Student: 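I have a structure I would like to understand better, so I am pasting it below and will then ask my questions one at a time.
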2 protein chains.
Amino acid sequence: MTVSTKDRILAVTEDLFGQHGFSATTLRDVTDRAGVNLASVNYHFGSKEALFMEMLRRRIEPINRKRIELLDEALRRSGGAPLSLEAIWDAILRPLGEAVTTTDGFDEKFLRLISQSLVERNEFFETAHQQFFTEFKERFSPELARSLPKMDPQEMTWRVYFSFSAMLGAIIQHQKIGRWFPFLENRGNVDNMIDRLINFIVAGLTNSRVGEVPNREEAEVRS
Amino acid sequence: MTVSTKDRILAVTEDLFGQHGFSATTLRDVTDRAGVNLASVNYHFGSKEALFMEMLRRRIEPINRKRIELLDEALRRSGGAPLSLEAIWDAILRPLGEAVTTTDGFDEKFLRLISQSLVERNEFFETAHQQFFTEFKERFSPELARSLPKMDPQEMTWRVYFSFSAMLGAIIQHQKIGRWFPFLENRGNVDNMIDRLINFIVAGLTNSRVGEVPNREEAEVRS
DNA sequence: ATCCTGTTCAAACAACCGTTTAAGTCAAGT
DNA sequence: ACTTGACTTAAACGGTTGTTTGAACAGGAT
């Protein structure tokens, strides 16, 4: 089976963008590695920018579609009753987890691609992420509010922000996890990491303490 | 008072690197904006890479130095007794907070600089961050273990990883906070955000639940 | 006055960038 | 057989890149 020039270019672009970012990736790098002619990029995509936009769009859209699907499905099963925080964050994290999973663990190339796209200062890259967040605010935010009805909205917003920070930070830093914590078990198990991340996030969201940090010096005994 | 050519270059480099990253920042951009001659970069720093390394080194080193100082100080006050988790994370987060604070709130330029440096694939940039983590593992990690003596080391490591993810994610995503949550109060208050982040992290670290997510559908009632 | 050292300057260097061009290929449609 | 349209190709385009060069400048020491 032969792969089309277009797909060959897109595949290589994913790799190189994840490794070096937009500016440092040259079209000659892409076309040489893909084994296609330099001009075919401008022929099929119009420009370098359009190529990278198309590459990112193809990767991000399915994830967000799956997220909405999982949320709808959970709501259907609950009969419209408020969901558990675990179910909500499962719908957010599991499609992302699937997208970054290969047959043998994490897809480091794709993780780097996401990291780069989050930092890249470019109109499309920002609107692409912005688009997910409007979806999130409209669909997931009300569900979180229904599941934590007694929480102050301002406090809730901060905690949701930190939850997202933990999620995105975990992705961005993932390539360093092996170097930082070489003895960590289950490093390659995506579902295991997501389970642990959900536990961490839910604990932060349901924390009973509000306001300033007491910041006494001595430790209280904790289990 | 006149500012030296070297310092003028470094200041502009910080700005432009934060805005566009390493590759997309040209030396002509830097020297034009700084009002100095193009060749002065290679004269004072040797190369473009060396310039960016020096720029980052000058910014990161004081933060890590201050972190160790705060930890030592807290241990002196506690007489060597185990510290509260809040005190430990205060030592980690407060120097970072100071570094990204100007007279009127967050220093977005510097936040972007850190974000870029975390994703940039470059030998020095990686060893610079690596350096902090060896320091962290040798000094902060044992203190965390002393403060949570009953916790399984593997579980602890995962939670520390997520804590760092939340911290770095909060920095990287900070530029988007206004667009995502326009009605969020206290957005510009650095200390306030750090207080909230410490609460979030400590809740995640002290979470009593371990293992797989139960993931039932209906919400339990939470305060 | 002369030399020395550190710095600045305009100009040029070769290499590389994204994009365009025009000719060439090849299979399907008539 | 001929035409059409989609695609590929090598070569060139003008512009920009980081770096180097050698002359010019300034100020203190000899």
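On a predicted model such as this, the values are computed, not experimentally measured, just so you know. Below, chain A is the first sequence line, B the second, and so on; all start at residue 1.
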Student: What's the closest nucleotide to the A:Tyr43 side chain, out of C:dA10, D:dA6, D:dA12?
Tutor: D:dA6
Student: Starting at atom CG of B:Leu51, determine the distance to atom C1' of D:dT19, rounded to an integer number of angstrom.
Tutor: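 Between C1' of D:dT19 and CG of B:Leu51: 14 Å.
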Student: Please give, in whole Å, the distance from C:dG18 P to A:Glu49 CD?
Tutor: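 Rounded to whole Å, this separation is 12 Å.
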Student: Answer with base, sugar-phosphate or nothing: what part of the nucleic acid does B:Thr25 contact at a heavy-atom distance below 4.0 Å?
Tutor: sugar-phosphate
Student: Between C1' on D:dT16 and NE2 on B:His20, what's the gap in Å once rounded to a whole number?
Tutor: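 That distance rounds to 16 Å.
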Student: Indicate, with a heavy-atom threshold strictly under 4.0 Å, whether B:Ser23 touches base, sugar-phosphate, or nothing.
Tutor: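 If one applies the 4.0 Å heavy-atom cut-off, B:Ser23 turns out to touch nothing in the nucleic acid.
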Student: Should A:Thr5 be listed as having a side-chain N or O under 4.0 Å from OP1 or OP2 of D:dT8?
Tutor: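 For A:Thr5, the contact criterion (side-chain N or O under 4.0 Å from OP1 or OP2 of D:dT8) is met.
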Student: With heavy atoms under 4.0 Å as the rule, sort B:Ser40 into base, sugar-phosphate or nothing.
Tutor: nothing
Student: Rounded to whole angstrom units, what separation is found between the CZ atom of B:Phe45 and the P atom of C:dT7?
Tutor: 12 Å
Student: Using a 4.5 Å cut-off on heavy atoms from C-beta on, say whether the side chain of A:Trp89 contacts that of A:Leu197.
Tutor: no
Student: B:Ile9 has an atom CD1; how far is it from atom C1' of D:dT19, in whole Å?
Tutor: 14 Å
Student: For B:Leu38 and A:Asp29, take the nucleotide of DNA chain C holding the closest heavy atom to each; which residue's nucleotide lies nearer the 5' end?
Tutor: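 Its nearest nucleotide being more 5', the pick is B:Leu38.
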Student: Calculate the interatomic distance between A:Phe52 atom CZ and C:dG18 atom C1'; express it in whole Å.
Tutor: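 To the nearest whole Å, that distance equals 12 Å.
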Student: Under 4.0 Å between a side-chain N/O of B:Asn42 and OP1 or OP2 of D:dG18, yes or no?
Tutor: no
Student: Rounding to an integer number of Å, can you tell me how far B:Leu27 CG sits from D:dG18 C1'?
Tutor: 6 Å
Student: Identify which nucleotide among D:dT17, C:dC17, C:dA11 has an atom closest to any side-chain atom of B:Thr26, counting heavy atoms from C-beta outward.
Tutor: D:dT17
Student: Name the residue closer to the 5' end of DNA chain C, choosing between B:Lys6 and A:Ala39 according to the nucleotide with the nearest heavy atom.
Tutor: B:Lys6
Student: Looking at B:His44, does any N or O in its side chain come under 4.0 Å of the phosphate oxygens OP1/OP2 on C:dG6?
Tutor: no
Student: Might you work through the side-chain contact (heavy atoms from CB on, under 4.5 Å) test for A:Val160 and A:Phe140, ending with a clear yes or no?
Tutor: CA-CA 11 Å; A:Val160 169; A:Phe140 285 89; over 6 Å; no
Student: Under 3.5 Å, is there a donor-acceptor pair between the A:Asn37 and A:Ser40 side chains?
Tutor: no
Student: Whole angstrom is fine here: how far is it from CG in A:Asn37 over to P in D:dT8?
Tutor: 9 Å
Student: Say you draw a straight line from CZ of A:Arg67 to CD1 of A:Ile88; how long is it, rounded to the nearest 0.5 Å?
Tutor: 14.0 Å
Student: In Å and rounded to the nearest 0.5 Å, what is the CD to OG1 distance from B:Glu185 to A:Thr157?
Tutor: 9.0 Å
